[in-house]
Amino acid sequence: MPDEPAREGPPRVLVAEDEEAVALLIDLDLSESGYRVTCAPDGAVAAAELESQPFDAVVTDVRMPNLDGVGLVRKIVATWPGMPIVVLSGYMTEEQNRTLLSLGVQPEALLEKPDGFRHLRSTLEGLLASRAGAPGVRRNLPPAC
């Protein structure tokens with residue numbers, strides 16, 4: 001079970017998104033910006049991906065089948081503390097928002113669809129740059145566009 005960030009090559013981002021068109025849009029945007037992207041159709045598949053290979057950050061929707069985004073964030077925080085997480089959702093309740101904040105998701109990393117797409121890359125870059133200051137964490141981030 002990988003417990004450290006990916007260290008070789010560009011940053012690896014796991015995208016948990018059940019809407020295929022949205023996942024493809026995120027994948028295309030981040031891939032063109034130099035990230036290596038893996039997409040998972042729900043939180044359960046995303047959790048399995050996190051168990052099998054290292055990632056530098058996670059982008060997740062909230063409303064997904066099998067394991068929702070809040071459940072996924074709980075698992076990430078418990079298993080991989082410090083993992084940068086961006087929540088991008090069109091259907092986030094106030095209760096989910098409060099829960100995500102209490103779990104440690106940064107306020108600026110709670111993005112609403114569709115406007116949040118414009119801020120996804122810069123938010124991700126900011127979270128990864130903040131984490132890069134930690135000892136033993138990669139520093140080869142893609143350039144900002």
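Quantities reported herein were computed from a predicted structural model and do not represent experimental measurements.
Taking the side chain as every heavy atom from C-beta outward, N97 and T93 never approach each other to under 4.5 Å. A 4.5 Å side-chain heavy-atom check between I76 and F55 finds every atom pair outside the cut-off. Contact check for Y91 versus E112: no side-chain heavy atoms found under the 4.5 Å cut-off. You'll find the side chain of T60 stays beyond 4.5 Å of the side chain of L88, heavy atoms only. Side-chain contact between D29 and F117 is absent, with no heavy atoms from C-beta onward closer than 4.5 Å. Side-chain atoms of R74 and L103, non-hydrogen and from C-beta on, do get closer than 4.5 Å to each other.
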Can you list the steps and then say if D115 with R118 is a side-chain contact (heavy atoms from CB on, under 4.5 Å)? CA-CA 6 Å; D115 292 338; R118 288 184 291 141; 3.9 Å; yes
side-chain contact (heavy atoms from CB on, under 4.5 Å), that's the test. Do L120 and V86 meet it? Break it down for me. CA-CA 8 Å; L120 175 59; V86 177; 3.7 Å; yes
Start with the C-alpha distance between L14 and V59, add both sets of side-chain angles, then the distance that settles side-chain contact (heavy atoms from CB on, under 4.5 Å), and finish with yes or no. CA-CA 6 Å; L14 177 61; V59 175; over 6 Å; no
Test side-chain contact (heavy atoms from CB on, under 4.5 Å) on L101 and L110; report intermediate values, then the result. CA-CA 9 Å; L101 289 170; L110 294 173; 3.5 Å; yes
Going through the distances and angles, do E32 and R121 end up as a salt bridge (charged side-chain N to carboxylate O under 4.0 Å, His left out)? CA-CA 11 Å; E32 286 181 349; R121 210 171 342 132; over 6 Å; no
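The pair E51-K75 meets the salt-bridge criterion, with a side-chain N (NZ, NE, NH1 or NH2) lying under 4.0 Å from an Asp/Glu carboxylate O. In summary, D68 and R63 do not engage in a salt bridge, as defined by a charged side-chain N under 4.0 Å from a carboxylate O.
In terms of the side chain to side chain donor-acceptor pair (under 3.5 Å) criterion, S122 has no residue partners (sequence neighbours excluded). T99 is linked by a side chain to side chain donor-acceptor pair (under 3.5 Å) to nothing, counting only residues two or more places apart in sequence or in another chain. The side chain to side chain donor-acceptor pair (under 3.5 Å) search around T38 returns R12, not counting sequence neighbours. Under the rule for a side-chain contact (heavy atoms from CB on, under 4.5 Å), the partners of D27 that lie at least two apart in sequence or sit in another chain are S31, V37, C39. Every side chain to side chain donor-acceptor pair (under 3.5 Å) that S89 has, sequence neighbours left out, goes to D61.
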Show the atom names and distances, to 0.1 Å, of all donor-acceptor pairs under 3.5 Å that link a side chain in residues 18-25 to residues at least two apart or in another chain.
none

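In terms of heavy atoms, L72 sits closest to A46 at CD2-CB, 3.8 Å. A109 and I85 make their closest contact through CB-O, 3.3 Å (heavy atoms, listed as atom of the first residue, atom of the second, distance). Between L111 and G116 the shortest heavy-atom distance is CD1-O, 3.6 Å. The two atoms that bring P11 and D56 nearest to each other are CA-OD2, 3.2 Å, heavy atoms only. For the pair N66 and A44, the tightest heavy-atom approach, listed with the atom from each and the gap, is CB-CB, 4.0 Å. Smallest separation of non-hydrogen atoms from P84 and L127: CB-CB, 3.9 Å.
Hydrophobic clustering, with ILVMFWY side chains joined whenever heavy atoms are under 4.5 angstrom apart, keeps M83 apart from V45. V15 and M64 fall into different hydrophobic clusters, where Ile, Leu, Val, Met, Phe, Trp and Tyr residues are linked whenever their side-chain heavy atoms come under 4.5 Å apart, directly or through other members. Cluster annotation: L50 is connected to V70 through the hydrophobic network of ILVMFWY side chains, with a link wherever side-chain heavy atoms come within less than 4.5 Å.
Distance check: H119 NE2 to L124 CG gives 14.5 Å after rounding to the nearest 0.5 Å.
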